[in-house]
Amino acid sequence: ACCSYRLRDALHPLWQSPLTIPGGTRQSPINIQWRDSVYDPFLKPLKISYDPTTCLHIWNNGYSFLVEFDDSADRSIIVGGPLENQYRLKQFHFHWGAVNDWGSEHTVDCKFYPAELHLVHWNAVEYPSFEEAVMEGNGLAVIGVFLKLGARHEGLQTLVDALPAVRHKDTVIEFDVFDPSCLLPSCPDYWTYAGSLTTPPLTESVTWIIKKRPIEVDEDQLEAFRTLLFSSHGEEERRMVDNFRPLQPLMDRTVRSSFR
Ligand SMILES: COc1cccc(N2C=Cc3cc(S(N)(=O)=O)sc3S2(=O)=O)c1
Ligand SMILES: [Zn+2]
């Protein structure tokens, strides 16, 4: 493993609560040790179909900036992969560091990426609402995509251009059309494991689908994330950086891969 967890189970400034919930057996994020992941030939390709007009708004919730979607019908969904049902897109958001040396929540062979995208979906086949799905073991499916420093990402730029309008906690702007599939790498390969939300309520309700290949973004785009604030209007400014949770113990889990 990358490090001892005892040090990490101390109180963490961002969460003000024990980092692992008492009795938690499937907490996230984790380090993905490539050579320990097990190829599963029965894993299907992940099928993603998003309707760009289901996009609603961007807002700063004091942890990250979120792009939220209209999930009142099966218009933006994922199916296949490790999933038994189809899941509806609810929101996506990012985690990032103060510098490019860290920022992602998951690591691969103990390597951090400068940022990580999470596309959050819920099982509307089995549960009547998102809030209920959040509490169920198979309630959520989150696609994780690593961001690495490289070429400017044109699709991301439309989000970056909107960030000054949501600089402070609890600010929101309307965002009419956006297709999040432009943020996905073209490579279909992924790892998958049973985990949890990485911010409160930390519920163990997430089937994680972590894309093997990162997308490239440039320095200015990462810097734009770092201009956001944890703090509300009128409060002392606290830069929104290092909004990632420390690594959690793998415990009795296997990470499966969709690729050899
Ligand atoms: C309790 O019902 C609700 C209601 C509204 C939002 C949430 N959420 C809280 C944290 C959280 C953390 C996520 S991450 N970083 O693991 O992808 S996704 C997510 S959430 O489900 O949107 C839960
Ligand atoms: Zn997240």
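FYI, the numbering just counts along the sequence from 1. Note that these values count all heavy atoms, side chains included, but never hydrogens, waters or copies made by symmetry. Atoms within each ligand, like the ligands themselves, are counted from 1 in listed order.
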Is the Phe92 ring parallel, tilted or perpendicular to the Phe69 ring (thresholds 30°, 60°)? tilted
Which heavy atom of the protein is the closest neighbour of atom 11 (C) of ligand 1, given with residue, atom name and distance? Thr199 OG1, 3.5 Å
Run the side chain to side chain contact (heavy atoms under 4.5 Å, CB included) test on Trp34 and Trp191 for me, step by step, so that the C-alpha distance in whole Å, both residues' side-chain angles and the decisive distance to 0.1 Å come before the verdict. CA-CA 9 Å; Trp34 195 314; Trp191 289 284; 3.7 Å; yes
How are the rings of Phe175 and Phe178 set relative to one another: parallel (under 30°), tilted (30 to 60°) or perpendicular (over 60°)? tilted
In this structure, does ligand 1 have an atom that sits under 4.0 Å from one of the heavy atoms of His93? yes
So is Ser64 touching ligand 1 or not, going by heavy atoms under 4.0 Å? no
Using the six-membered ring wherever Trp is involved, compare the ring planes of His233 and His168 and label them parallel, tilted or perpendicular (cut-offs 30° and 60°). parallel
Looking at Val120, which atoms of ligand 1 are within less than 4.0 Å of one of its heavy atoms? 17 (O), 18 (S)
Within the structure, does Gln91 bring an N/O atom to less than 3.5 angstrom of an N/O atom in ligand 1? yes
Would you say His95 touches ligand 1, if touching means a heavy atom closer than 4.0 Å? yes
Strictly by modelled atom types, are His57 and Glu174 linked by a side-chain donor-acceptor pair under 3.5 Å? no
Contact with ligand 1 for Phe130, non-hydrogen, under 4.0 angstrom: yes
Examine Lys44 relative to Phe42 and say whether NZ or CZ is less than 6.0 Å from the centre of the six-membered ring and inside a 45° cone about the ring axis. no
Relative to the Zn ion (ligand 2), which of the N, O or S atoms in His95 is the closest? NE2
Taking the six-membered ring for Trp, is the centroid-to-centroid distance between Tyr87 and Trp122 below 6.0 Å? no
Subset of ligand 1 atoms that lie under 4.0 Å from at least one heavy atom of Pro200: 9 (C), 10 (C)
Atom 1 (C) of ligand 1 has as its nearest protein heavy atom Val134 CG1, 3.7 Å
To make sure I understand the geometry: which N, O or S atom in His118 is closest to the Zn ion (ligand 2)? ND1
Between Arg88 and Asp74, does a salt bridge (charged side-chain N to carboxylate O under 4.0 Å, His left out) hold up when you go through it step by step? CA-CA 6 Å; Arg88 273 186 205 163; Asp74 289 334; 2.4 Å; yes
What part of Leu197, side chain, backbone, both or neither, has a heavy atom within less than 4.0 angstrom of ligand 1? both
Side chain to side chain donor-acceptor pair (under 3.5 Å) partner of Asn31, the single match among Thr107, Asp109, Asp36: Thr107
Which of the numbered atoms in ligand 1 are under 4.0 angstrom from any heavy atom belonging to His118? 14 (S), 15 (N), 17 (O)
Could you tell me the residue and atom name of the protein heavy atom closest to atom 15 (N) of ligand 1, and the distance to it rounded to 0.1 Å? Thr198 OG1, 2.8 Å
Any heavy atom of Trp208 closer to ligand 1 than 4.0 angstrom? yes
